[in-house]
Amino acid sequence: MGAAGIASAVTARPVSAAASPATSLEARPGTARLAPAEYKPTPIWGYDGGVPGPTIRVRQGERLDRVFLNNLPQPSTIHWHGIRIDNAMDGVPELTQSAVPPGGSFDYGFTLPDAGTYWYHPHNRTWEQLARGLYGALIVEEAEGPDVDRDEVLLIDDWRLTETAEIAEDFGAMHDWSHGGRIGNWITVNGNGYWSSEARQNDRLRLRLINASNARIFSLSLKGLSGWVVALDGQPLAVPETAGQLVVAPAQRVDLIVDVTADAGTEASLVSHERGGSYAAAVYRVGQATADRRTEAPGPLPANPLTMPGPLTTARSVDLVMDGGAMGGMRSAVLNGQDTDIRTLVRQGKAWAFNGQAEMTDTPLLSARTGETIRIRMDNRTRWPHAMHLHGHHFRQVLDEERMGPLRDTLLMQSGETTEIAFVADNPGNWLLHCHMVEHSAAGMMTWLRVG
Ligand code: C2O
Ligand code: CU
């Protein structure tokens with residue numbers, strides 16, 4: 001794959017800088033060349049009309065201000081995924097703001113405490129709006145970044161396209177909602193099914209992988225590139241790890257620093273492993289080296305100013321039991337305040353439950369004092385994996401009483417797995433905890449915490 005003609009045709013995005021001033025971000029219909037040139041451009045919804053939306057780059061500690069203009073035919077919001085944000089700016093309808101109606105606007109403005117790779121997307125009818133192309137990268141730059149020849153965002157998405165390369169409109173399909181979510185049939189990187197670029201042998205690249213798909217878990221590997229994972233979900237690893245097989249769940253990010261090891265005249269690639277085989281999702285055409293390969297491994301990225309969880313033995317602990325889905329044997333759950341049998345639930349678009357609730361409750365899963373260390377024990381009793389995302393905080397997976405995993409904002413849990421996360425609830429407000437397979441959260445896998 002990676003035909004040069006297709007690649008150059010697709011990079012011309014229908015973004016008109018003149019139409020919207022730099023301080024606005026407009027959600028509106030547009031078109032994108034997701035598929036090869038023999039197809040018509042695909043009608044999409046995008047920020048500033050393109051997919052992905054504009055990559056926003058801000059320096060750590062600075063402020064970001066954007067007037068969100070909604071020119072979609074339905075209400076929307078923007079959620080700034082992974083940012084330890086002011087709660088009022090978190091973009092969650094009913095919990096932190098009202099959804100912005102068609103023709104309306106909302107002023108988002110907040111500071112960015114942590115450097116790293118983040119992204120933005122709607123939080124209203126996300127199963128439809130994300131699938132139609134509403135997302136973009138939000139990059140918060142370190143005061144002093146690593147020594148690389150290039151810093152590149154690779155937003156990976158999974159689309160369900162019809163035979164005429166239009167987005168399949170079966171957004172509410174209950175079969176998807178009760179199974180693995182909306183899995184597509186066309187994968188793009190930066191809105192291009194044949195994304196490619198140039199690099200030179202021995203170049204050192206920083207690659208920022210972002211999984212923007214509704215529900216697909218990507219399994220990726222590198223070919224002709226070799227290097228290290230330096231950050232997960234925006235947060236630096238204390239010690240960079242050799243990059244091998246990379247499993248990237250919906251909403252997760254992986255920052256890599258890689259050296260181009262492929263010979264000049266060949267291709268280096270990011271390989272996606274699917275059920276039907278493996279193929280290059282992103283390709284670098286490799287040119288002549290202009291320098292020797294670096295021999296030194298990159299040091300860790302500078303740590304962000306987060307408070308690490310305190311002693312776990314005294315931390316408050318809460319349980320979250322995850323039930324439901326196809327083959328899960330859930331018989332009933334609470335909906336509209338009433339115990340409701342599974343048939344009725346499904347008719348109302350619900351298929352999953354957290355602690356027996358198939359809907360957001362008026363009372364939070366937990367109320368924390370600001371600064372308190374919290375443990376959440378999550379028990380996945382379903383037959384499906386889930387990508388559990390906490391808003392406004394990063395957490396660590398508790399491996400045992402002594403060891404904790406890296407900071408993350410989204411954790412992939414396997415079917416049948418029980419695990420625990422711990423974090424300092426130091427960001428006041430109302431924060432969602434949900435599965436980021438967005439059909440699952442719409443169908444019941446959503447709860448919230450109150451801090452402060
Ligand atoms: Cu990126 Cu509540 O999500
Ligand atoms: Cu899920």
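Each ligand, and each atom within it, is numbered from 1 in the order the structure gives. Excluded from the calculations below are hydrogen atoms, water molecules and symmetry mates; all remaining heavy atoms, backbone and side chain alike, are included.
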- Note on the structure: Given a cut-off of 2.8 Å, the protein N, O or S atoms lying below it from atom 2 (Cu) of ligand 1 are H123 NE2, H391 NE2, H434 NE2

- Message: Less than 4.0 angstrom from a charged side-chain N to a carboxylate O is my criterion; do E169 and R160 meet it?
- Response: no

- Query: So does H436 have any N/O/S atom less than 2.8 Å away from the Cu ion (ligand 2)?
  - Reply: no

- Query: Does Q245 CD have over 12 foreign heavy atoms under 6.0 Å away?
  - Reply: yes

- Neighbour count >12 (heavy atoms, 6.0 Å) for atom CD, E94: no

- Query: Between A88 and F106, which heavy-atom pair has the shortest distance, and what is it?
  - Reply: O-CZ, 4.1 Å

- Query: Going by distance alone, is a donor N or O of one side chain under 3.5 Å from an acceptor N or O of the other, for Q60 and N304?
  - Reply: yes

- Is the closest basic N to carboxylate O distance between E128 and R125 below 4.0 Å? yes

- Query: For the Cu ion (ligand 2), which N, O or S atom of H386 is at the shortest distance?
  - Reply: ND1

- Message: Nearest N/O/S atom of H440 with respect to the Cu ion (ligand 2), by atom name, please.
- Response: ND1

- Query: Can you tell me if T242 and W228 form a side-chain donor-acceptor pair at under 3.5 Å?
  - Reply: no

